[in-house]
Amino acid sequence: AQTVTQSQPEMSVQEAETVTLSCTYDTSESDYYLFWYKQPPSRQMILVIRQEAYKQQNATENRFSVNFQKAAKSFSLKISDSQLGDAAMYFCAYRSYSGNTPLVFGKGTRLSVIA
Amino acid sequence: KAGVTQTPRYLIKTRGQQVTLSCSPISGHRSVSWYQQTPGQGLQFLFEYFSETQRNKGNFPGRFSGRQFSNSRSEMNVSTLELGDSALYLCASSLTQTSGVYEQYFGPGTRLTVT
């Protein structure tokens with residue numbers, strides 16, 4: 001079974017600085033998707049960024065980018081120019097390409113942004 | 001387009017009672033997944049429905065059940081409530097359950113408190 005590990009329960013960053021959240025996963029599959037979800041204090045979970053395993057190029061979405069290392073099974077999220085609104089729980093998630101298994105989430109990292 | 005809606009948003013029940021939670025997916029989405037979120041266990045997958053069929057089921061006791069209707073709306077039911085069932089129950093919908101693009105859109109959740 002696939003597992004997702006987020007080793008940093010909490011992190012903090014100064015406003016306008018850059019922070020990197022770590023995620024590792026374990027799978028025997030070669031085709032899959034990886035996601036980062038954000039859950040602000042209001043509790044609405046939203047998708048931040050998605051990476052297809054077959055793509056070597058790292059995904060980027062505005063200030064959010066990932067460092068996808070397939071061989072190392074690592075999928076970190078970098079937030080540049082951090083803003084107060086970035087404060088939230090961040091979840092890393094895995095989904096097999098076949099779609100036959102559910103989304104697997106890590107335990108999450110709580111990010112605080114300091115003004 | 002309206003997002004995923006969940007009703008009710010908050011619920012207080014007594015141990016031993018049963019509860020039904022409802023989820024309306026984004027229009028056109030045919031797949032609905034349910035998750036239980038607690039501080040200790042994080043996000044745990046409950047079940048996934050696609051076109052009224054349960055496609056995946058998490059490791060939860062039989063007291064947890066669900067169903068999906070022809071209009072893709074879904075309900076989950078918990079019978080004989082226990083104190084440990086207190087949690088945020090999240091519903092997520094996606095366009096398709098087949099392989100390929102698979103992005104889940106989450107609802108705001110139902111906060112269930114069992115006393």
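A note on names: the letters A, B, ... follow the listed sequences, proteins ahead of strands, and every chain is numbered from 1.
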**Study point:** Residue part contacting chain A, namely of Gln44(B), when any heavy atom lies under 4.5 Å
**Key:** neither

Under 4.5 Å between side-chain heavy atoms, counting indirect links through other Ile/Leu/Val/Met/Phe/Trp/Tyr residues: same cluster for [X] and [Y] or not?
X        : Y         : value
Met89(A) : Leu34(A)  : no
Phe64(A) : Leu84(A)  : yes
Val13(A) : Val66(A)  : yes
Leu77(A) : Val4(A)   : yes
Tyr94(A) : Phe105(A) : no

Check your understanding: If you take all heavy atoms of Tyr37(A) and Glu103(B), which pair is closest and at what distance?
Key -> OH-C, 4.4 Å

Practice item. For residues Gln41(B) and Lys107(A), report the shortest heavy-atom separation together with the two atoms involved. Key: O-NZ, 3.1 Å

Practice item. Any chance you could measure Ser94(B), atom OG, to Leu47(A), atom CG, to the nearest 0.5 Å? Key: 12.0 Å

Using only non-hydrogen atoms and a strict under-4.5 angstrom cutoff, which residues of [range] touch chain A?
range                       : result
residues 105-114 of chain B : Phe106(B), Gly107(B), Pro108(B), Arg111(B)
residues 73-92 of chain B   : Leu88(B), Leu90(B)
residues 13-22 of chain B   : none

Residue [X] excluded, over 12 heavy atoms near [atom1] under 6.0 Å:
X        : atom1 : answer
Lys73(A) : NZ    : yes
Asn59(B) : CG    : no
Arg63(B) : CZ    : yes
Ile12(B) : CD1   : no

**Study point:** Flag side-chain contact, heavy atom, 4.5 Å: Leu43(B) against Phe91(A)
**Key:** yes

Check your understanding: Hey, are the side chains of Met45(A) and Gln104(B) touching, using non-hydrogen atoms and a 4.5 Å cut-off?
Key -> no

Exercise for review: Evaluate side-chain contact (heavy atoms from CB on, under 4.5 Å) for Phe45(B) paired with Val104(A), printing each intermediate quantity in order.
Suggested key: CA-CA 8 Å; Phe45(B) 170 76; Val104(A) 177; over 6 Å; no

Practice item. Applying side-chain hydrogen bond (donor to acceptor under 3.5 Å, both in side chains), name anything that partners Asn67(A), two or more places apart in sequence or on another chain. Key: Gln69(A)

